[in-house]
Protein chains: 2
Amino acid sequence: MSPLREKILSTASHLFQTQGINSTGVDTIVAAAGTTKMTLYKYFRSKENLILEVLEEGHKDFQAWLSEKLNSNTSQPSEKLQKLFDFIEEWVTSPNFRGMGFIKASAEFPSEDSPVHQLSSEQSRQFKQYISSLAHEAHIQDADGLALQLSLLFEGAVQAEQMIRGSGAMTYAKKAAKILINGAATH
Amino acid sequence: MSPLREKILSTASHLFQTQGINSTGVDTIVAAAGTTKMTLYKYFRSKENLILEVLEEGHKDFQAWLSEKLNSNTSQPSEKLQKLFDFIEEWVTSPNFRGMGFIKASAEFPSEDSPVHQLSSEQSRQFKQYISSLAHEAHIQDADGLALQLSLLFEGAVQAEQMIRGSGAMTYAKKAAKILINGAATH
DNA sequence: ATTAGGCTATACAGGTTAGTATAATTAAGC
DNA sequence: GCTTAATTATACTAACCTGTATAGCCTAAT
């Protein structure tokens with residue numbers, strides 16, 4: 001991959017997170033990345049295309065990191081579910097955390113026709129599906145229900161944590177998650 | 001109050017919710033409200049001012065409806081906390097539900113300098129504070145912690161419900177809320 | 001009927017944005 | 001040293017958006 005392409009992607013990702021997607025112009029991105037519009041439009045068909053690639057890369061990175069973390073640090077399926085939120089907290093509070101793109105993207109692109117909205121809602125669905133599969137392996141009866149509840153907590157916490165940095169939302173989300181997991185396991 | 005002013009407010013509220021705030025131009029608003037820009041700018045200093053008033057009205061309506069509902073349908077403080085999510089579900093699934101403005105507004109205006117961001121984060125804080133006061137009256141030890149958890153669930157559920165209409169997110173959020181409330185009450 | 005106030009219609013200024021065209025510049029390979 | 005390819009620099013178009021200016025219209029009260 002071209003290093004300039006990567007630079008544009010990471011710069012855009014950072015700006016989208018801190019300034020918002022719609023309020024970040026292409027000119028701002030290329031200036032911050034130390035390149036020009038011509039180069040950006042060589043690698044990306046349009047701004048929308050760039051947004052989609054930023055979202056995809058961010059989601060892939062997170063999913064890869066999370067499943068690797070779970071697979072190498074736990075053995076039992078029930079243990080994975082228990083440690084899920086510990087690792088999520090680790091991700092969210094890590095210094096290079098650039099936000100969960102799909103959460104904000106769906107808010108900035110509320111129209112269901114928008115490809116950006118479609119991709120981010122698909123990613124949200126995928127994440128919920130992943131939690132559900134963990135719950136299923138741990139032989140939880142209503143695995144989908146628990147997965148939905150945990151993803152609600154997760155999305156709410158990420159948003160709150162970004163709204164007021166250091167609000168401790170993730171800590172309480174973690175506690176709530178453990179209560180819900182234990183409650184679902186005893187049925 | 002002028003009926004035209006009210007019409008502009010309600011029209012803007014509806015459009016902001018369905019199309020997003022930033023992607024809804026004033027021309028679109030006045031066309032949908034059946035008036036002209038001159039009239040809009042007679043009643044509102046700027047678009048930003050209109051956004052702030054829409055947010056304020058929506059939040060006031062919700063808070064008034066919710067506390068009235070709680071006060072007239074419950075007696076004991078613990079009962080209020082228990083029924084909180086039942087009423088929230090009623091509000092969210094009601095046909096004239098126009099969304100929780102402050103949740104999306106903070107996402108569309110991520111810069112902390114923005115007055116819109118400041119107002120919506122203040123409203124989010126107020127809502128959490130209200131839940132906390134209910135929890136306090138019910139003699140829950142960690143009232144703030146429970147309030148934070150419940151507001152996470154709430155914000156997550158509203159967003160999910162809007163992302164995929166009829167996802168049943170609110171139903172599961174309600175169940176999770178009851179588990180968390182009961183867990184917090186026995187400490 | 002006429003006057004006055006609110007509303008409409010329309011055009012426009014000023015700024016911002018995505019995206020393109022064109023030419024100059026750099027750097028690497030032979 | 002020359003060619004080739006990639007990147008830069010800069011200017012521009014076309015669309016869009018907020019906010020304003022100006023003139024005309026309609027209705028209600030006197």
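Chain naming here is simple, since letters A, B, ... match the order of the sequence lines and numbering starts at 1 in each.
- Distance, A/I29 CD1 to C/dA18 C1': 11 Å, rounded to whole Å.
- In this structure, A/Q123 and A/F102 approach most closely via the heavy-atom pair OE1-CB, 3.2 Å.
- Closest to the B/S46 side chain, of the nucleotides D/dA9, D/dG19, C/dA18, is D/dG19.
- The side chain of A/T35 contributes no N or O atom lying less than 4.0 Å from OP1 or OP2 of D/dT7.
- At the phosphate of C/dT8, OP1 or OP2 sits under 4.0 Å from a side-chain N or O atom of B/T39.
- Rounding to whole angstrom units, CG of residue B/L40 and P of D/dT20 are separated by 11 Å.
- Rounded to a whole Å, the CG atom of A/N22 is 9 Å from the P atom of C/dA18.
- One interatomic measurement links the two molecules: NZ of B/K47 to C1' of D/dT18, which rounds to 9 Å at whole-angstrom precision.
- Nearest nucleotide to the B/M38 side chain, out of C/dA18, D/dT7, C/dT10: C/dT10.
- Within a 6.0 Å radius of NZ in B/K174, other residues, nucleotides and ligands contribute more than 12 heavy atoms.
- B/K37 contributes a side-chain N or O that forms a donor-acceptor pair with the base of D/dG19 under 3.5 Å.
- As rounded to whole Å, 13 Å separates atom C1' of D/dG19 from atom CG of B/N49.
- As a whole-Å value, the separation of B/R5 CZ from C/dC7 P is 12 Å.
- The side chain of A/Y41 has C/dT20 as its nearest neighbour among C/dT20, D/dA21, D/dT7.
- With rounding to whole Å, A/L4 atom CG is found 19 Å from D/dA5 atom P.
- Residue B/Y43 is in sugar-phosphate contact alone, with no base atom involved, counting any heavy-atom pair closer than 4.0 Å across all strands shown.
- In the model, B/S121 has no side-chain atom that pairs as donor or acceptor with a side-chain atom of B/E112 under 3.5 Å.
- A donor-acceptor contact closer than 3.5 angstrom is absent between the side chains of A/Q118 and A/D113.
- Between the CD1 atom of B/I8 and the P atom of C/dT8 there is a distance of 8 Å, rounded to whole Å.
- The number of heavy atoms from other shown groups lying within 6.0 Å of NZ (B/K178) is above 12.
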